[in-house]
Amino acid sequence: MPNPPTDIPRTFELGGDLTVNRLGYGAMHLTGPGVWGPPADPDAAIRVLRHAVHDLGVNFIDTADSYGPGYNEEIIRQALHPYPDELVIATKGGMLRTGPHDWVRAEGRNPYIVALGRPAYLRQQVEVSLLRLGLERIDLYQLHRIDDLLPLEDQLGTLAELQQQGKIRHIGLSGQPGVTLAQLEEARQTVDIVAVENLFNIADRSDENVLRHTQDRGIAFLPWFPLGHGDLLGPRGILTEVAALFGTTGPRLGLAWLLRHAPHTLLIPGTTSLDHLEENVSATELRLTDDQWDEVEALCEKATPWRPAPLQTRHEEPR
């Protein structure tokens, strides 16, 4: 992995005992269309994973039982098992799927983002993830979305029991679009939370308060949609346009900004392309002056990227 600027930490101590490189990999797109089914080209997916871990020094991979569902965890095992000692795999559970259109962005339609945090279901999903990944213990298991129908203490209490049984090493929280400060502090009354995964990028800093709160407490912050949902890239994307002013690319600029913005961010950009993978990892090399970064921020603040609006409160059917 390239060396970052000297003032930007290259690694983070996850949970106080796992040293991970801050430029990780999000495996979600190594699935079929709509994050449903197996990847169209499993060999290509395996090449991406092996290149990331064996050649580029990536040692933190993010996945979830709902990616595929299941196929994402299975392709990680197929590509990398037996795992290198330093590799940390984070997975998530507690969110339902109905088909390939669940998370597709469409006019007049909310994504089907529905939690299921019943203890028996979470216990089952942990066991299934262990089986698919070929692990005896999951280094980081995150509640994919808090189920508003059930006490949070019951949901996390189940994970705590599995942690005590040696099946989970560390516990985290994920939110769609984000875990709130109130939810985080409620969760910390039940278990030690070592990571929070929220929507966050240079043009959408709605959860800046959560980011700073986690920083003060040594909790990792994993930004999802680190480069937006297609809004920030592409020929007319604000990141693409701003990056051109500084002789770089949109992905490199957006990821480098996240690395610089706070020392506890763990980045999990995803791609199915070897070239884009190398481009993402090279973000650690990007150097701009403080004034230049200020200019980048001011320009990117003009964008209004899309944020998903999940279905609320009940386990409802998709519309």
Side-chain angles (χ1 to χ4, degrees), residues 26-37 61-76 89-106 109-133 138 140-159 162 167-168 170-180 183-184 186-187 191 193 195-200 207 222-225 229 268 270 306-319:
M28 181 178 76
H29 292 295
L30 300 182
T31 53
V35 198
W36 189 266
I61 294 178
D62 177 83
T63 182
D65 63 19
S66 56
Y67 299 165
Y71 288 104
N72 201 231
E73 293 176 328
E74 290 174 0
I75 200 73
I76 290 170
I89 298 175
T91 193
K92 300 181 286 288
M95 200 153 71
L96 300 176
R97 293 298 307 273
T98 66
H101 301 292
D102 288 345
W103 301 340
V104 174
R105 178 179 173 181
R109 176 183 179 274
N110 287 334
Y112 184 78
I113 302 176
V114 176
L116 182 57
R118 294 171 184 164
Y121 179 73
L122 292 177
R123 191 172 294 110
Q124 167 189 282
Q125 295 308 103
V126 170
E127 295 289 356
V128 170
S129 287
L130 285 167
L131 182 64
R132 287 173 177 153
L133 289 166
I138 296 167
L140 174 61
Y141 192 88
Q142 298 191 96
L143 186 62
H144 206 162
R145 187 186 179 210
I146 294 170
D147 189 338
D148 295 333
L149 287 177
L150 299 168
L152 181 55
E153 181 180 4
D154 291 352
Q155 299 168 65
L156 293 176
T158 300
L159 300 185
L162 292 164
K167 297 180 178 183
I168 294 172
H170 294 300
I171 296 172
L173 290 175
S174 178
Q176 288 72 38
V179 177
T180 67
Q183 289 172 330
L184 174 56
E186 181 184 354
V191 294
I193 298 295
V196 170
E197 187 170 336
N198 280 12
L199 191 160
F200 194 88
D207 285 350
L222 283 63
W224 62 271
F225 278 6
H229 190 266
I268 48 172
W306 177 75
R307 286 177 67 87
L311 299 172
Q312 298 296 320
T313 63
R314 63 189 188 279
H315 304 143
E316 42 185 312
E317 297 298 320
R319 290 179 289 178

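Numbering of residues begins at 1 and proceeds along the displayed sequence.
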Under a 3.5 Å distance rule, please check whether [X] uses its side chain to pair with a backbone N or O of [Y] as donor and acceptor.
X: Gln176; Y: His144; answer: yes
X: Asp62; Y: Ile268; answer: no
X: Asp154; Y: Pro151; answer: no
X: Glu197; Y: Trp224; answer: no
X: Asp207; Y: Thr180; answer: no

Problem - Evaluation steps, side chain to side chain contact (heavy atoms under 4.5 Å, CB included), between Tyr112 and Leu96 - result: CA-CA 8 Å; Tyr112 184 78; Leu96 300 176; 4.2 Å; yes
Separation of [Y] [atom2] from [X] [atom1] (nearest 0.5 Å):
X: Gln183; Y: Ile193; atom1: CD; atom2: CD1; value: 11.0 Å
X: Leu173; Y: Leu143; atom1: CG; atom2: CG; value: 6.0 Å
X: Asp65; Y: Lys92; atom1: CG; atom2: NZ; value: 9.0 Å
X: Thr98; Y: Trp103; atom1: OG1; atom2: CH2; value: 10.0 Å
X: Tyr67; Y: Met28; atom1: OH; atom2: CE; value: 5.5 Å
X: Ile89; Y: Thr63; atom1: CD1; atom2: OG1; value: 8.5 Å

Heavy-atom check, side chain of [X] versus side chain of [Y], under 4.5 Å:
X: Leu199; Y: Arg307; result: yes
X: Pro69; Y: Trp36; result: yes
X: Ser174; Y: Val196; result: no
X: Leu122; Y: Gln155; result: yes

Handout entry: side chain to side chain contact (heavy atoms under 4.5 Å, CB included) between Tyr141 and Ile171, worked out
Key = CA-CA 5 Å; Tyr141 192 88; Ile171 296 172; 5.5 Å; no
Considering all heavy atoms, the nearest [X]-[Y] contact:
X: Ile76; Y: Ala27; result: CD1-CB, 4.0 Å
X: Pro308; Y: Phe225; result: CD-CE2, 4.4 Å
X: Thr158; Y: Arg123; result: CG2-NH2, 3.8 Å
X: Ile146; Y: Ala115; result: O-CB, 3.7 Å
X: Pro100; Y: Pro33; result: CB-O, 3.6 Å

Problem - Residue from Arg97, Gln125, Arg145 passing side-chain contact (heavy atoms from CB on, under 4.5 Å) with Ser66 - result: Arg97
Exercise for the section: Report yes or no: do Glu73 and Thr91 form a side-chain donor-acceptor pair below 3.5 Å? Expected result: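 Judged by distance alone, the side chains do pair up.
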Practice task
State, without any angle test, whether Ser129 and Glu127 hold a side-chain donor-acceptor pair at a distance under 3.5 Å.
Solution key: no
Practice task
May I have the step-by-step check of side chain to side chain contact (heavy atoms under 4.5 Å, CB included) for Ile138 and Lys167, ending in yes or no?
Solution key: CA-CA 6 Å; Ile138 296 167; Lys167 297 180 178 183; over 6 Å; no
Handout entry: Steps toward salt bridge (charged side-chain N to carboxylate O under 4.0 Å, His left out) verdict (Arg118, Asp147)
Key = CA-CA 8 Å; Arg118 294 171 184 164; Asp147 189 338; 5.8 Å; no
